[in-house]
There are 2 protein chains.
Amino acid sequence: MIPAKNNYQFEDMLDKHQLKKTAPRLRVLSMMYSKNTATSQPDLENVMHDIDRVTLYRILNVFEEKGIIHKVFDLDGTANYAVCHSDCEAHHHHDEHVHFNCTVCKNVYCLNELSLPSITLPAGFRPESFTLYASGLCPKCDKKNSAK
Amino acid sequence: MIPAKNNYQFEDMLDKHQLKKTAPRLRVLSMMYSKNTATSQPDLENVMHDIDRVTLYRILNVFEEKGIIHKVFDLDGTANYAVCHSDCEAHHHHDEHVHFNCTVCKNVYCLNELSLPSITLPAGFRPESFTLYASGLCPKCDKKNSAK
DNA sequence: ATATAAATGCAACAATATTTCATTTAGAAT
DNA sequence: ATTCTAAATGAAATATTGTTGCATTTATAT
Ligand SMILES: [Mn+2]
Ligand SMILES: [Mn+2]
Ligand SMILES: [Zn+2]
Ligand SMILES: [Zn+2]
């Protein structure tokens, strides 16, 4: 589903966005591409002890600006970031898919396959984008749950 | 649309939920019922200087627990609170309506009239609740915008 | 009027995010 | 290869946001 990427491809990505190929950026990229769930700033901080917190914030911000990753808030309101698969451009995201937040493992899944049902808003509202959040049990946690 | 309420009704509400009728609580209630948009903690803090920050947090928390208000995160991830109109009970909310976040005035509107379209998730996911967020121009900001 | 549990206010603390600036480094120019 | 420079990082300071503990006040039941 998510196409795996190697380090050369990550370097290309940074090149393409006129970002310098630095070690912290490559590590963040490879971490985010290796998972099928979104990553929070605390997640990164816990794994990459040697990289400064501020650097992580800045990497997340610039990646979001460039359209490499997009931000999703989970049930607690903490920001999670996931790689974009919708040919997003700088300052112009198109990540209008469903997000699933597991109530047990707290992971956030991007359900890129699902497009949103169209919906009509009350008169006067001019919507520009939609996001649908679903929460409940993810496949893993549901399996564990029904096993016992 | 939103039924206006007077102070006696606010007192009744607190009574019904076994909460003491205190001045801070009544003021928060009346502020939230007087608007048709959600209220953030900073909003409250800016208006009610004389009430302690911590008290406001506690009021919001207990109101949410009791099913009087529900929490909505806006585009920046800040928590906003809006009155419930879905006969919510303590620890059991049913606020599955559409939320609209205006990109200009930043206001969050509960579109209680709109129910959510049903949606089928990929195999394995066991959803328990849904929220649909829309963002764009609210009626007011759209009108101002097209005027000039 | 009194008693008591609940609620508030204040101070301290913790967690999270941003700003500033000195130092380092990637990539371009020579 | 060496030098140069803008970009990126790291570290400290500051700001913002949310929580905890405790003394004081207050709503309400008796
Ligand atoms: Mn996504
Ligand atoms: Mn709502
Ligand atoms: Zn899960
Ligand atoms: Zn607006």
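In the text below, chain A, chain B and the rest are named by the order of the sequence lines, each starting its count at 1.
- Rounded to whole Å, atom C1' of C/dA7 lies 18 Å from atom NE2 of B/His17.
- Under a cut-off of 6.0 angstrom, the local environment of CD in A/Glu128 is crowded, with over 12 non-hydrogen atoms contributed by other residues, nucleotides or ligands.
- For the pair B/Thr22 and D/dA27, the criterion of a side-chain N or O lying under 4.0 Å from OP1 or OP2 is not met.
- Note that the CZ atom of A/Phe100 and the OH atom of A/Tyr133 stand 14.0 Å from one another [nearest 0.5 Å].
- Within 4.0 Å (heavy atoms only), B/Pro24 reaches sugar-phosphate atoms of the nucleic acid but no base atom.
- The interatomic distance linking A/Leu14 (CG) with D/dA8 (C1') rounds to 12 Å, in whole Å.
- One can place CG of B/Asp50 at 8 Å from P of C/dG9, the figure rounded to the nearest angstrom.
- Following rounding to the nearest Å, A/Asn61 (CG) and C/dT19 (P) show an atom-to-atom distance of 10 Å.
- Rounded to whole Å, atom P of D/dT26 lies 19 Å from atom CG of B/Leu19.
- Across D/dA8, D/dA12, C/dG9, the shortest atom-to-atom separation from the side chain of A/Val54 is found for D/dA12.
- Put simply, CD on B/Glu11 and CG on B/Leu26 are 5.5 Å apart, with the number rounded to the nearest 0.5 Å.
- Between the side chains of B/Thr103 and B/Ser135, no donor-acceptor pair is found at a separation under 3.5 Å.
- Contact annotation for A/Arg58: base contact, defined as any heavy-atom pair under 4.0 Å involving a base atom.
- Put simply, the side chain of A/Arg53 and the base of C/dA17 share a donor and an acceptor less than 3.5 Å apart.
- The separation between B/Gln18 atom CD and C/dA7 atom C1' is 15 Å, rounded to whole Å.
- Between A/Asp74 and A/Lys106 there is no salt bridge, since no side-chain N of the basic residue sits under 4.0 Å from a carboxylate O of the acidic one.
- Summary of the strand contacts: B/Asp52 and B/Lys20 both lie near DNA chain C, and taking for each the nucleotide with the nearest heavy atom, the more 5' one is attributed to B/Lys20.
- Place B/Asp15 and B/Gln41 on DNA chain D by their nearest nucleotides, and B/Gln41 ends up nearer the 5' end.
- Rounding to whole angstrom units, CG of residue A/Leu56 and P of D/dG10 are separated by 8 Å.
- Rounding to whole angstrom units, CD of residue B/Glu45 and C1' of D/dG18 are separated by 11 Å.
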